Amino acid sequence: MLVLIDELAELGATSLRGTFGDEAGQRIGVASSQVADLQTASAMQLAKKLKRNPRELAEVFAAALFTHPAVARTEVAGPGFVNIHLHDAWLRDAVSQAASLRQVGTGQTVVIDYSSPNVAKPMHIAHIRSTIIGDALKRVMRAVGYTVVADNHLGDWGTQFGKLIVAYRKWLDPQAFEENPVSELLRLYVKFVELEKQQKAELGKKNQADEGDDGAAADAPPILKEARGELVKLQQGDPKNVALWKQFIDVSMHEFDRVYRRLDVNFDVVLGESFYNDQLAGTVQTLLDKGIAEESEGAIVVRFDKATDGDALPPFLIRKADGGFLYGSTDVAGLLYRVGRWNASRIIIVTDERQQLHFKQLFATGRRLGVPASMEHVWFGLMRLAEGTISTRDGNLIGLETLLDEAERRSLEVARQCNPDLTEEEAREVARVVGIGAVKYNDLSKDRTTMVTFSWDKALSLTGNTAPYLQYAYARIRSILRKASDQGISPGKVTNLEPTERILVRKLLGFDEAVEEVSKALRPHVLCEYLFELATVFSTFYNELPVLKAESDVRASRLHLCERTGEVLKHGLQLLGIGVVERM
RNA sequence: GCGCCCGUAGCUCAGCUGGAUAGAGCAUCGGCCUUCGAAGCCGGGUGUCGUAGGUUCGAAUCCUACCGGGCGCGCCA
């Protein structure tokens, strides 16, 4: 319906120019309405600016919009609303195109950086947000015509590798590593951190006894010094350390890939932090040469001020005093690479809310460098447990695979119970699609900025506003269409519109708007909300009006509505990375 | 100390670039399977939209202050 809305908005603008001159001409807002098919409130919004009575303006709009062939009648209501009623014939005609989308992204490339798990740590329930939101955005952007580069910016570099190398050499349990390498690496890491903490506490005590100089001059714990040493060796290319590091990546990727396969998440490139290593020195030098960065206390920082950057941000550290680089340097290099390699016009990075400041600093730096892309940080609220924050060090993790296993287990139980006709194989497939769908939808259907307190029952719910509800509506549609096909009945033209059918048609026509909104605002829950409303309207229609038992042309008409609804549900779910089944 | 985010029904959340009577799900209570699938449908009711001001034809939405919660602030990522 976006095309119609645009045409009406333009008609309104034209009428304004005609009546009040060019300076009045601007798009007017046309939106769906509770009391009509569409409405505009622009008369009231523009009244003050044009020094006119809002009702007078509304009359101008009402007359102008009435000239559009889709419009059956217009009326002015209240303080200056214009209600727009559409011809049933137009709706009936338009519905056949409901699933089609405008290609607003054609010719543009967008890089989406998401998932980005840390090597040597297991994926747990908090990782699902970046992964699932990023994947949905990728699918939506592609559907509206963007060329999308999905980039998994793996955390495969940094100080934790020094620690891991030390811990691996000291405490490795080879058999445990054989059986489950990543959980063994996690055990080693946690053990290291505990020892580090313990040594630090001892040092603090000793220092207090010696000097009482508040520990400022305290030495680093011996174990940490050792780790730094190994890290330096790794960075200098020491073959043994490099081999270990590569091994860590290999075993981690193996596990990540298994999860990604289950989630049906795919990347076009996997360029981890280490990929940018050889670009870091040059990147920092460029920043220095251009006068964007400066030396400060031995380190290199970018400073910001309100006048040039629009925001008084704290300094952005891009090189440590010891010459080492940080993720700030890596991320700047990443921006340059992405515009250089792919000519990206949008760069979207999906992470949790804690990194907002970092990305403000990064993007401000990018703007100073003249990065010719819109840089967007798509952040989402933290996931926590009822007991508190999820922490690798505290080890209170719920593994992502554990969650997926449980999701499939519960939906298998329900599938067997609800539909005993399914073969064992079918039931398992249903459980897989429905279970994974439920988990994904649970995350996608909330506004991404909402903080999530994890709960098994909510994450795995199969009733109400959930993916299974949408999948169920789809399965019922397929069931009807199968029966029709068996009886040799085909969908035909939409001929009549009962009130419920009219509501269904209008809802179907809102698909393009929902999808386009997601591509602009990068908020997938808008599409979830839309699909849920569509399924709700369909369910009402399904319960209220017979399809196969209606007389022939009504039957063909309703079959057509079923087919369109199924198409939009399937397409919409696919854009969220959620599958459908023919029966469940 | 500075900064970001959040506060809407018992619970979980939509609605926030200002629009008509603030909506869903869960929970709860009552109907609906000899008519296309009950993972469903229909109906019942609940709100100081955190508080107090301000902006205007109109504020859950924008502004200010305060209260409550989460997170972040140069040598980790």
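Since we're looking at a predicted model, the values are computed, not measured. Throughout, protein chains are lettered first and strands after them, A, B, ... in sequence-line order, and every chain is numbered starting at 1.
A salt bridge links A:Arg410 to A:Asp457: one of the charged nitrogens lies within less than 4.0 Å of a carboxylate oxygen. Between A:Lys200 and A:Glu196 there is no salt bridge, since no side-chain N of the basic residue sits under 4.0 Å from a carboxylate O of the acidic one. With salt bridges taken as basic N to acidic carboxylate O contacts below 4.0 Å, one links A:Arg523 and A:Asp447.
Contact annotation for A:Leu545: base contact, defined as any heavy-atom pair under 4.0 Å involving a base atom. Residue A:Tyr469 is in sugar-phosphate contact alone, with no base atom involved, counting any heavy-atom pair closer than 4.0 Å across all strands shown. Residue contacts for A:Ile318: at a heavy-atom cut-off of 4.0 Å it reaches no nucleic acid atom on any strand shown. Among the protein residues, A:Glu544 comes within range of no part of the nucleic acid, since none of its heavy atoms lies under 4.0 Å from any strand. A:Arg416 comes within 4.0 angstrom of no nucleic acid atom, judged by non-hydrogen atoms across all strands. Among the atoms of the strands shown, base atoms are found under 4.0 Å from some heavy atom of A:Tyr542. Residue A:Ala47 is classed as having no contact, given no heavy-atom separation below 4.0 Å to the nucleic acid. At the heavy-atom level, A:Gln471 lies nowhere under 4.0 Å from the strands shown. Looking at heavy-atom distances under 4.0 Å, A:Met451 makes contact with sugar-phosphate atoms alone, never a base. Looking at heavy-atom distances under 4.0 Å, A:Ala312 makes no contact with the nucleic acid at all. Residue contacts shown for A:Ala484 are absent, as no nucleic acid heavy atom lies under 4.0 Å away.
Scanning for ring-ring contact (aromatic ring centres under 6.0 Å, His included) contacts around A:Phe454 gives A:Trp456, with sequence neighbours left out.
Ring-plane geometry between A:Phe511 and A:Tyr530 is classed as tilted, the angle between the planes lying from 30 to 60 degrees on a 0 to 90 degree scale.
Pairing of B:A59, defined by two Watson-Crick or G-U wobble distances under 3.5 Å, is not identified with any nucleotide. In this structure B:G23 sits in a base pair with B:C13, meeting the Watson-Crick or G-U test at under 3.5 Å.
With A:Phe325 as the aromatic partner, A:Lys320 does not meet the cation-pi criteria of under 6.0 angstrom to the ring centre and within 45 degrees of the ring axis.
With a glycosidic angle more than 90° from 0, B:C11 adopts the anti conformation. B:G74 takes the syn form, because its glycosidic angle lies no more than 90° either side of 0.
Along RNA chain B, the stretch of nucleotides lying under 4.0 Å from any heavy atom of chain A spans, 5' to 3', B:C4 to B:A77.
Between A:Tyr276 and A:Trp157, every side-chain heavy-atom pair lies at or beyond the 4.5 Å cut-off.
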